[in-house]
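Worksheet: the structure to be examined is printed underneath.
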Amino acid sequence: MQSVHKTVLLKETIDGLNLNLNNESIVVDSTFGGGGHSVEILKKFPKSKVIGIDQDKSAWGKAKEKFKGMEKRISFVNANFSELGSVVEDKKVDGIIFDLGLSSDQLENAGRGFSFMKDEPLLMTMKEDLKEEDLTAKEIVNTWEEKNLADIIYGYGEERYARRIAKAIVEAREKEEIQTTFDLVRIIESAVPSIYKRGRIHYATRTFQALRIAVNDELRVLEKGLESGFEMLKKGRRMSVITFHSLEDRIVKRFYKKLQQEEKAILINKKPIIATSEEIKNNPRSRSAKLRILEKN
Ligand SMILES: C[S@@+](CC[C@H](N)C(=O)[O-])C[C@H]1O[C@@H](n2cnc3c(N)ncnc32)[C@H](O)[C@@H]1O
């Protein structure tokens with residue numbers, strides 16, 4: 001199956017890197033996904049090379065058609081970007097991209113319970129060959145104490161009904177194990193007020209976000225990835241980072257600010273770059289995207 005993911009802020013992200021047409025630039029795409037950013041870099045900069053990283057092994061298979069004739073300039077590495085430092089051989093690169101979160105392919109077809117729109121087992125991890133000790137969303141909702149559940153739903157989901165949802169989860173699991181995404185959606189539905197169910201975002205969005213962040217330790221992984229990415233950038237080169245929710249954006253903002261204060265980098269855009277209304281119309285997922293660009297001194 002081919003990737004159906006629509007790339008967000010494509011032009012803005014690549015222009016932001018300020019690559020030189022005549023240079024043999026090496027760019028790391030830390031979140032390869034459907035290869036949308038990678039392929040555009042290779043097309044726009046014929047001398048460039050891209051190293052695409054993704055924790056999802058199936059990403060390359062779904063995207064490789066796009067790279068016909070350019071195979072020599074793209075290499076795909078199946079890894080978590082927290083390990084950037086050890087998986088990228090070229091220790092100095094000309095640009096780095098992070099386009100965080102999940103691709104539409106994963107949300108729609110991974111079968112791992114990322115979407116509250118599909119009834120799937122509550123895994124929420126991209127890890128292959130899951131072992132007993134690997135954390136899943138199912139384990140969290142069926143075993144964590146009510147207070148810890150409330151804390152992550154509030155802390156990672158910024159969900160104002162976190163306590164009510166945590167209580168409902170504990171009550172439900174006393175009767176029967178929570179197995180699937182729809183089991184969880186029904187519990188959340190029973191816990192939140194009706195007015196919340198008519199809100200702009202689906203009432204399960206924030207709880208699902210919180211569980212995914214907890215299962216994959218996404219915030220710490222992001223901090224590590226940004227640090228290693230910055231480390232391998234050449235002086236005068238840039239990183240473009242796209243976030244989709246405020247917790248991620250805060251981490252990126254804080255990371256950039258610290259580097260600027262230490263005079264190790266400069267911010268290219270003080271305010272985040274966001275999608276145009278035209279892009280949002282064509283791709284509603286882009287409405288929460290924020291792009292921040294940094295240049296290394
Ligand atoms: C929004 S998609 C990227 C889409 C891509 N830029 C495109 O235009 O096709 C995010 C991708 O990053 C990957 N990803 C998320 N967190 C990751 C991590 N910590 N390490 C490696 N890959 C990660 C996901 O598996 C997903 O494929």
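Values below: all heavy atoms of this structure, side chains included; hydrogens, waters and symmetry mates excluded. First listed ligand is number 1; within each ligand, the first listed atom is number 1.
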Using modelled atom types only, decide if a donor and an acceptor are shared between the side chain of [X] and the backbone of [Y] within a distance under 3.5 Å.
X	Y	result
His5	Ser104	yes
Arg292	Asn269	no
Lys92	Glu231	yes

Region of [X] that comes within reach of ligand 1 [heavy atoms, distance under 4.0 Å]:
X	result
His5	side chain
Leu100	backbone
Gln106	side chain
Arg285	side chain
Val8	neither
Ser82	neither

Nearest protein heavy-atom contact for [atom]: which residue, which atom, what distance?
atom	value
atom 19 (N) of ligand 1	Asn80 OD1, 3.0 Å
atom 8 (O) of ligand 1	Thr7 OG1, 2.6 Å
atom 17 (C) of ligand 1	Phe81 CE2, 3.3 Å
atom 22 (N) of ligand 1	Gln55 N, 3.1 Å
atom 3 (C) of ligand 1	Thr31 O, 3.3 Å
atom 7 (C) of ligand 1	Gly36 N, 3.4 Å
atom 27 (O) of ligand 1	Asp54 OD2, 2.6 Å
atom 5 (C) of ligand 1	Phe32 O, 3.4 Å

So, using side chain to side chain donor-acceptor pair (under 3.5 Å) as the criterion, who are the partners of Arg238 when residues are at least two apart?
Glu295
Which of the numbered atoms in ligand 1 are under 4.0 angstrom from any heavy atom belonging to [X]?
X	answer
Gly101	10 (C), 11 (C), 12 (O), 15 (C), 24 (C), 26 (C)
Gly34	7 (C), 9 (O)
Val221	19 (N)
Leu102	1 (C), 2 (S)

Just distance, no hydrogens or angles: give the donor-acceptor pairs under 3.5 Å from side chains in residues 19-29, sequence neighbours left out.
| from | atom 1 | to | atom 2 | distance (Å) |
| --- | --- | --- | --- | --- |
| Asn20 | OD1 | Asn22 | N | 2.9 |
| Asp29 | OD1 | Thr31 | N | 3.3 |
| Asp29 | OD2 | Ser38 | OG | 2.7 |

Could you verify whether a donor N or O on one side chain and an acceptor N or O on the other, from Glu159 and Tyr196, lie under 3.5 Å apart?
yes
Strictly under 4.0 Å, does any heavy atom of [X] approach an atom of ligand 1?
X	value
Gly35	yes
Ala79	yes
Phe244	no

Decide yes or no on side-chain hydrogen bond (donor to acceptor under 3.5 Å, both in side chains) for Asn78 and Gln55, but give the supporting numbers first.
CA-CA 5 Å; Asn78 174 218; Gln55 62 188 352; over 6 Å; no
Heavy-atom side-chain contact between Val215 and Lys138 under 4.5 Å:
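Side chain of Val215 against side chain of Lys138, heavy atoms only: no contact under 4.5 Å found.
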So do Val141 and Leu211 actually touch side chain to side chain, heavy atoms under 4.5 Å?
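In contact.
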For Arg237 and Asp94, run salt bridge (Lys or Arg N to Asp or Glu O under 4.0 Å): C-alpha distance rounded to whole Å, both residues' side-chain angles, the deciding distance at 0.1 Å, then the answer.
CA-CA 6 Å; Arg237 303 297 186 191; Asp94 301 274; 3.3 Å; yes
Between Phe76 and Phe32, does the ring centroid distance fall short of 6.0 Å?
yes
Aromatic ring pairing Trp60/Phe67, orientation class (parallel under 30°, perpendicular over 60°, tilted between):
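The arrangement is tilted - the two ring planes meet at 30° to 60°.
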Can you spot which of Thr181, Asp183, Ile140 makes a side-chain contact (heavy atoms from CB on, under 4.5 Å) with Leu122?
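The residue from Thr181, Asp183, Ile140 that satisfies side-chain contact (heavy atoms from CB on, under 4.5 Å) with Leu122 turns out to be Thr181.
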